[in-house]
Peer 1: 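One structure follows; several queries about it will come next.
As a basis for the values below, the full set of heavy atoms in this structure was taken, side chains included, without hydrogen atoms, waters or symmetry mates.
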Amino acid sequence: MTAIETIKELYTLKSDLLQSAAQAADFTSDDTLLRSVVRWAAKICGENEDAVLNEAKAFMTAEQMSVLRDILEAGLKPWKFEGRVFGSEEQRDEWRKTRSLITVHRGTKQIGGSIAEICMGRTTVLVDCGSELPGSQGSMGDEEIIKKIFDNHRRYTDHHLSGVLFSHYHGDHVGLIDKIPADIPLYMDEAMLTILRTLHKHTRNIAMQELLSENSGRIRTFTPGKLLNIGDMNVIPFFVDHSAYHANMFLFENKVTGHTDGQGRPSVGAGAGCAAFATTVLHSGDFRGTGYMSKSLDMIPKLIHDHYHKQVDVLLTEGTMMNRSVEEEHLLTEWDVHKEAKFFMKDHRQIFVVCSSTNFDSLTSICNAAKANNIPIYGSPYIIEMLKTFSDMAGKYTGLYRLPPIQGIDEMKRVRPKEGIILLGSLLNRKGEDAYTLYDRYGHYMSDYNPHLIYSMWQGFLNPKHPAYDEGLAMFVRRFGSSVKYIHSTGHADKETLAKFIENVAPRKHIIPFHTENPAGFKNLNIKDQYKEMVILPQDGDTIEIV
């Protein structure tokens, strides 16, 4: 072992190292403390003291020096660890087995850029590793937060991450996946993996293609409803409705303190009430009550309580809509999207559609509306393959997702149709002039050109006063003047849906809002007072211990 490895090893509290270092250390200041410990480590390892000192200075931060001082000052009895005092190494290790900690690294006061950490026993995982949305003004930018989280992972055995679980494929939840160190496993369901592979085949992102390939060995898939074992924790994923197909919630349980069978239920021989001592955390991911699969939202609490026989101690729940009004934004259910689009297409037969290429429900609503009006549908090779990917997966379970034929743009150029639905994708982050020219470019492919636009996205992107304003998209929409129809179904739960979900989940200890600009608004929801009192409002990076 080298001298610098010996110094780092102090953080594991091995008694022989601790005793020797404590005897050798001078505690008068951080500088003399570091020099003293370096002198001791260099001597026992036979290395040059100045070289070890330079390496240690590069490694140590002020916070780490404070922890080192606490450890050395504590001596052998009592033991100090993460701000706690233990009478012995055995007591410390026993506490580590049963502890449960939650850290929302980012998302307590912003939408998107989601990263949460769940620690149970000796196992720590992240849920999502998302990039910030345009206009976000969070506590940390992408580069800074990646450095903070994964530098700790590299340096300390106790902060080693056993994996990153992804709730769904939206960029604000998966956008930093390529920044995760290669030794950390990545967990996602098969649907998400398939969609990401299709997406990055078209972005031609070689690095992402390699990361997502079978040969990388990085991806571990899970199945909603099936128990997943990661170290000291059990995880049960649940399918939930969102504007991303096949999004997931996660129920975490400290399996060291609970006794369960292979399906996550209390084991028969565990003794009456034994599993009630297991700490549980439900991470909601993003969800809504307006989609075609929204019944799943009512089923999840029933499955948790009645099938798995568990209670939820802590609910981490998204709150995207806490500052938004359903009425103001004219937000609809997916059934309403289909109904309004179908009615609109009766009188307008040339229609551009601006809608995220991964919002399968809304694209299904619009395509089926076109089918009902016998209007041909056109799209780019990317959108055609993406919709085929979705339809092949979801069409196995319901005829709703078996889409009508979608023809390529080359066919539209050849035929020069008088009518057609043209699927454009979101057009986000395109240069103004680039998006603007689409209007004229497609005009050359259609006869009697007089197009309308269905805009099926959040209207904040079009508002010059909003931080998320997208100039290229807004320029394109303005080109249509008054010939724009806003038909949009939100991907997130409104206040009424949030309140109902909280009451159904019935958490026992804490409610932690994230993915929201208004966490305090949870205290004003129409929920019982006992749940309002459970709402806690941590800052980004705060750690909550579940007692």
Side-chain angles (χ1 to χ4, degrees), residues 167-170 188-199 201-202 221-225 237-249 285-300 331-345 351 353-408 420-426 454 456-457 487-492:
S167 61
H168 62 286
Y169 51 76
H170 282 159
M188 60 186 72
D189 68 17
E190 287 282 0
M192 176 177 170
L193 179 59
T194 302
I195 291 162
L196 286 178
R197 284 175 174 169
T198 303
L199 173 66
K201 183 175 80 171
H202 286 272
T221 57
F222 58 77
T223 302
F238 296 98
F239 166 82
V240 68
D241 190 57
H242 180 44
S243 52
Y245 174 69
H246 229 275
N248 290 276
M249 290 188 181
D286 289 355
F287 67 96
R288 63 176 177 175
T290 56
Y292 289 128
M293 299 296 149
S294 57
K295 287 184 179 179
S296 62
L297 193 58
D298 293 327
M299 292 172 60
I300 291 171
L331 300 176
L332 309 169
T333 68
E334 287 296 347
W335 292 272
D336 292 331
V337 170
H338 171 73
K339 182 179 178 180
E340 289 203 12
K342 181 179 175 181
F343 184 79
F344 187 68
M345 290 175 188
I351 301 175
V353 176
V354 170
C355 178
S356 170
S357 59
T358 59
N359 187 347
F360 188 38
D361 270 17
S362 289
L363 288 172
T364 295
S365 301
I366 291 165
C367 288
N368 285 338
K371 178 182 178 181
N373 282 283
N374 296 310
I375 305 177
I377 308 169
Y378 300 95
S380 68
Y382 162 65
I383 288 181
I384 291 173
E385 183 169 5
M386 188 63 78
L387 287 177
K388 183 179 185 304
T389 299
F390 285 126
S391 189
D392 287 347
M393 289 188 294
K396 298 175 185 177
Y397 308 107
T398 170
L400 172 68
Y401 292 124
R402 298 188 193 118
L403 299 182
I406 302 172
Q407 303 174 70
I421 306 300
I422 306 169
L423 307 178
L424 293 178
S426 72
I454 288 179
S456 187
M457 292 180 65
I487 310 177
H488 180 48
S489 177
T490 179
H492 301 276

Peer 1: Under the side chain to side chain contact (heavy atoms under 4.5 Å, CB included) rule, what do Ile454 and Met345 come out as? Steps first, then yes or no, please.
Peer 2: CA-CA 10 Å; Ile454 288 179; Met345 290 175 188; 4.2 Å; yes
Peer 1: Taking the side chain as everything from C-beta on, heavy atoms only, tell me whether Phe344 gets closer than 4.5 Å to Ile351.
Peer 2: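 Yes, side chains in contact.
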Peer 1: Assert yes or no for the condition that the ring centre distance of Phe360 to Tyr401 is strictly below 6.0 Å.
Peer 2: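 That pair passes the under 6.0 Å test.
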Peer 1: How far does NE2 of His488 sit from CG of Asn359, to the nearest 0.5 angstrom?
Peer 2: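 Atom-to-atom, His488:NE2 and Asn359:CG are 7.5 Å apart.
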Peer 1: Out of curiosity, Ile195 CD1 to Met386 CE, how far, rounded to the nearest 0.5 Å?
Peer 2: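 Atom-to-atom, Ile195:CD1 and Met386:CE are 7.0 Å apart.
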Peer 1: Atom CZ in Phe239, atom OH in Tyr245: separation rounded to 0.5 Å?
Peer 2: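 Phe239 atom CZ to Tyr245 atom OH measures 6.5 Å (nearest 0.5 Å).
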Peer 1: With a 4.5 Å heavy-atom cut-off, do Leu297 and Val240 have their side chains touching?
Peer 2: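 When only atoms from C-beta onward are counted, Val240 and Leu297 do touch, with a gap below 4.5 Å.
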Peer 1: Work out which heavy atom in Ile377 is nearest to a heavy atom in Pro405; give both atom names and the distance.
Peer 2: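 What the structure gives for the nearest pair is CB-O, 4.1 Å.
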Peer 1: What's the shortest heavy-atom distance between Leu403 and Cys367, and which atoms?
Peer 2: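 Looking at all heavy atoms of both residues, the shortest contact is CD2-CB, 4.4 Å.
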Peer 1: Just to verify, what does Ser391 make a side-chain hydrogen bond (donor to acceptor under 3.5 Å, both in side chains) with, not counting sequence neighbours?
Peer 2: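 Counting only residues at least two positions away or on another chain, Ser391 forms no side-chain hydrogen bond (donor to acceptor under 3.5 Å, both in side chains).
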Peer 1: What heavy-atom pair brings Pro224 and His246 nearest, and what distance separates the two atoms?
Peer 2: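 Minimum heavy-atom separation between Pro224 and His246: CG-CE1, 3.6 Å.
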Peer 1: In Å and rounded to the nearest 0.5 Å, what is the OG to CG distance from Ser357 to Leu424?
Peer 2: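 Rounded to the nearest 0.5 Å, the OG-CG separation comes out at 11.0 Å.
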Peer 1: Could you tell me the separation between the OG1 atom of Thr364 and the CZ atom of Arg402, rounded to the nearest 0.5 Å?
Peer 2: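 Output value for this atom pair is 12.5 Å.
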Peer 1: Taking C-beta and beyond as the side chain, do Lys339 and Leu332 meet within less than 4.5 Å on heavy atoms?
Peer 2: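 Side-chain contact under 4.5 Å: no.
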Peer 1: Any salt bridge (Lys or Arg N to Asp or Glu O under 4.0 Å) involving residues 380-390? Give me the pairs, sequence neighbours left out, ordered by first then second residue.
Peer 2: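 Residue pairs with at least one partner in residues 380-390: Lys201-Glu385, Lys388-Asp392.
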Peer 1: Measure the CE-CD distance between Met188 and Glu190 for me, rounded to the nearest 0.5 Å.
Peer 2: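 Output value for this atom pair is 10.5 Å.
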Peer 1: Taking the side chain from Ser167 and the backbone from Ala247, do they hold a donor-acceptor pair closer than 3.5 Å?
Peer 2: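 Not at all, since once roles are kept as given, no pair shorter than 3.5 Å links the two residues.
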Peer 1: Do the non-hydrogen side-chain atoms of His168 and Asp189 ever get within less than 4.5 Å of each other?
Peer 2: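 No - every pair of side-chain heavy atoms lies 4.5 Å or more apart.
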Peer 1: For Thr358 and Tyr169, test the side chains for any donor-to-acceptor distance below 3.5 angstrom and give the result as yes or no.
Peer 2: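 Checked: Thr358/Tyr169 side chains show no N/O donor-acceptor pair below 3.5 Å.
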Peer 1: Determine, step by step, whether Thr221 and Leu193 satisfy the side chain to side chain contact (heavy atoms under 4.5 Å, CB included) criterion, reporting the C-alpha distance in whole Å, the side-chain angles of both residues, the deciding distance to 0.1 Å, and the verdict.
Peer 2: CA-CA 8 Å; Thr221 57; Leu193 179 59; 4.0 Å; yes
Peer 1: Report yes if some heavy atom in the side chain of Asn373 is under 4.5 Å from a heavy atom in the side chain of Lys342; otherwise report no.
Peer 2: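 A side-chain contact exists here, since the closest heavy-atom pair is under 4.5 Å.
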Peer 1: With a 4.5 Å cut-off on side-chain heavy atoms, are Asn248 and Met192 touching?
Peer 2: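 No, side chains not in contact.
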Peer 1: List the atom of Gly491, the atom of His242, and the distance in Å for their closest heavy-atom pair.
Peer 2: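 In terms of heavy atoms, the two residues are closest at O-ND1, 2.5 Å.
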Peer 1: Any side-chain heavy atom of Leu199 within less than 4.5 Å of one from Tyr382?
Peer 2: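 Leu199 reaches Tyr382 side chain to side chain.
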Peer 1: Please check this pair: side chain of Ser296 against backbone of Asp241, looking for a donor-acceptor N/O pair closer than 3.5 Å.
Peer 2: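 Side chain of Ser296 to backbone of Asp241, a donor-acceptor pair under 3.5 Å: yes, one is there.
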Peer 1: Under the ring-ring contact (aromatic ring centres under 6.0 Å, His included) rule, collect the residues that match up with Phe343, sequence neighbours excluded.
Peer 2: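 None.
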Peer 1: How would you list, by chain and number, every residue that makes a salt bridge (Lys or Arg N to Asp or Glu O under 4.0 Å) with Asp298, sequence neighbours excluded?
Peer 2: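 Salt bridge (Lys or Arg N to Asp or Glu O under 4.0 Å) list for Asp298, sorted by chain: Lys500.
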Peer 1: Which residue pairs satisfy the salt bridge (Lys or Arg N to Asp or Glu O under 4.0 Å) criterion with at least one member in residues 355-381, sequence neighbours excluded?
Peer 2: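 Matches after skipping sequence neighbours: Arg288-Asp361.
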Peer 1: Listed by chain and number, what are the ring-ring contact (aromatic ring centres under 6.0 Å, His included) partners of Tyr378, not counting sequence neighbours?
Peer 2: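 Result, ring-ring contact (aromatic ring centres under 6.0 Å, His included) vs Tyr378: none returned.
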Peer 1: Looking only at non-hydrogen atoms, find the nearest pair between Glu334 and Ser489 and report the distance.
Peer 2: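 The answer is OE2-CB, 3.5 Å.
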Peer 1: Which heavy atom of Tyr292 sits nearest a heavy atom of Ser365, and at what distance?
Peer 2: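 That closest heavy-atom pairing would be OH-OG, 2.7 Å.
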